[in-house]
Amino acid sequence: MNFRPLHDRVVVRRIEGEEKTKGGIIIPDTAKEKPQEGEIVAVGPGARDEAGRVNLLDVKAGDRVLFGKWSGTEVKLDGQDLLIMKESDIMGVVA
């Protein structure tokens with residue numbers, strides 16, 4: 001991918017959830033909610049503070065993260081549906 005996010009932004013690929021319930025019922029695409037879990041594809045260099053120093057991000061490419069339902073901006077890069085969001089929109093890293 002030839003895209004590098006700026007400042008404290010990250011690029012996230014959604015991780016699709018289960019297509020069946022625990023009881024074995026198949027969920028159709030129209031009834032599914034968008035997943036709130038994803039994998040970080042790329043990260044920016046970090047935000048600058050008042051003194052001009054760059055504060056590095058706490059996440060890195062390859063991390064699995066949880067984010068808000070309406071977080072980020074949906075984009076299509078290299079045929080993939082991705083999200084671009086600020087690091088502050090990420091709620092946490094899944095271990």
Side-chain angles (χ1 to χ4, degrees):
M1 177 172 60
N2 295 328
F3 182 80
R4 181 180 54 92
L6 298 176
H7 307 294
D8 63 340
R9 289 188 166 62
V10 296
V11 179
V12 178
R13 179 185 314 116
R14 287 187 195 265
I15 296 174
E16 294 299 324
E18 294 289 324
E19 295 186 9
K20 289 185 181 181
T21 63
K22 290 181 182 178
I25 299 172
I26 297 175
I27 303 170
D29 289 338
T30 55
K32 285 185 193 174
E33 288 195 24
K34 291 186 178 183
Q36 295 174 297
E37 185 176 350
E39 178 183 356
I40 297 196
V41 177
V43 296
R48 293 194 180 272
D49 60 11
E50 290 92 26
R53 292 183 302 260
V54 175
N55 296 327
L56 298 177
L57 302 180
D58 291 330
V59 294
K60 61 187 179 308
D63 283 350
R64 288 178 66 122
V65 294
L66 296 176
F67 49 87
K69 186 178 278 192
W70 307 110
S71 298
T73 303
E74 294 182 358
V75 295
K76 191 165 201 147
L77 295 172
D78 296 336
Q80 297 181 41
D81 291 323
L82 302 170
L83 289 168
I84 298 175
M85 65 180 70
K86 288 186 164 250
E87 183 190 32
S88 60
D89 291 339
I90 296 173
M91 290 185 234
V93 178
V94 178

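Residue numbers run from 1 in the order of the sequence given. The basis for the numbers below is simple: all heavy atoms, side chains too, and nothing from hydrogens, waters or symmetry mates.
In this structure, the side chain to side chain donor-acceptor pair (under 3.5 Å) partners of Asp63, at least two apart in sequence or on a different chain, are Lys60. In this structure, Arg4 has no salt bridge (charged side-chain N to carboxylate O under 4.0 Å, His left out) partners at least two apart in sequence or on a different chain.
The two residues Val11 and Ile84 come nearest to each other via the heavy atoms CG2-CG1, 4.3 Å. The shortest heavy-atom contact between Leu56 and Pro45 is CD2-O, 3.7 Å. Nearest heavy atoms, Ala61 versus Val41: CB-O, 3.6 Å.
Of the residues Arg64, Arg14, Lys69, the one that meets the salt bridge (charged side-chain N to carboxylate O under 4.0 Å, His left out) test with Glu37 is Arg64.
Contact check for Leu83 versus Phe67: side-chain heavy atoms found under the 4.5 Å cut-off. Inter-residue side-chain proximity for Arg13 and Leu82 is flagged as met; some heavy-atom pair is nearer than 4.5 Å.
Taking hydrophobic clusters as Ile, Leu, Val, Met, Phe, Trp and Tyr residues chained together by side-chain heavy-atom distances below 4.5 Å, Phe3 shares a cluster with Val75. With hydrophobic clusters built from ILVMFWY side chains whose heavy atoms lie under 4.5 angstrom apart, Val10 shares a cluster with Val93.
The salt bridge (Lys or Arg N to Asp or Glu O under 4.0 Å) contacts involving residues 41-56 comprise Asp49-Arg53, where partners must be two or more places apart or lie in separate chains. For residues 81-92, no pair satisfies side-chain hydrogen bond (donor to acceptor under 3.5 Å, both in side chains), with sequence neighbours left out.
Separating the CG atom in Asp58 from the CD1 atom in Ile90 is a distance of 9.5 Å, to the nearest 0.5 Å. Here CG of Asn2 is found 6.5 Å from CG of Asp78. Values are rounded to the nearest 0.5 Å.
Connectivity analysis of hydrophobic side chains (ILVMFWY, heavy atoms under 4.5 Å, direct or indirect) links Trp70 to nothing; its cluster partners are none.
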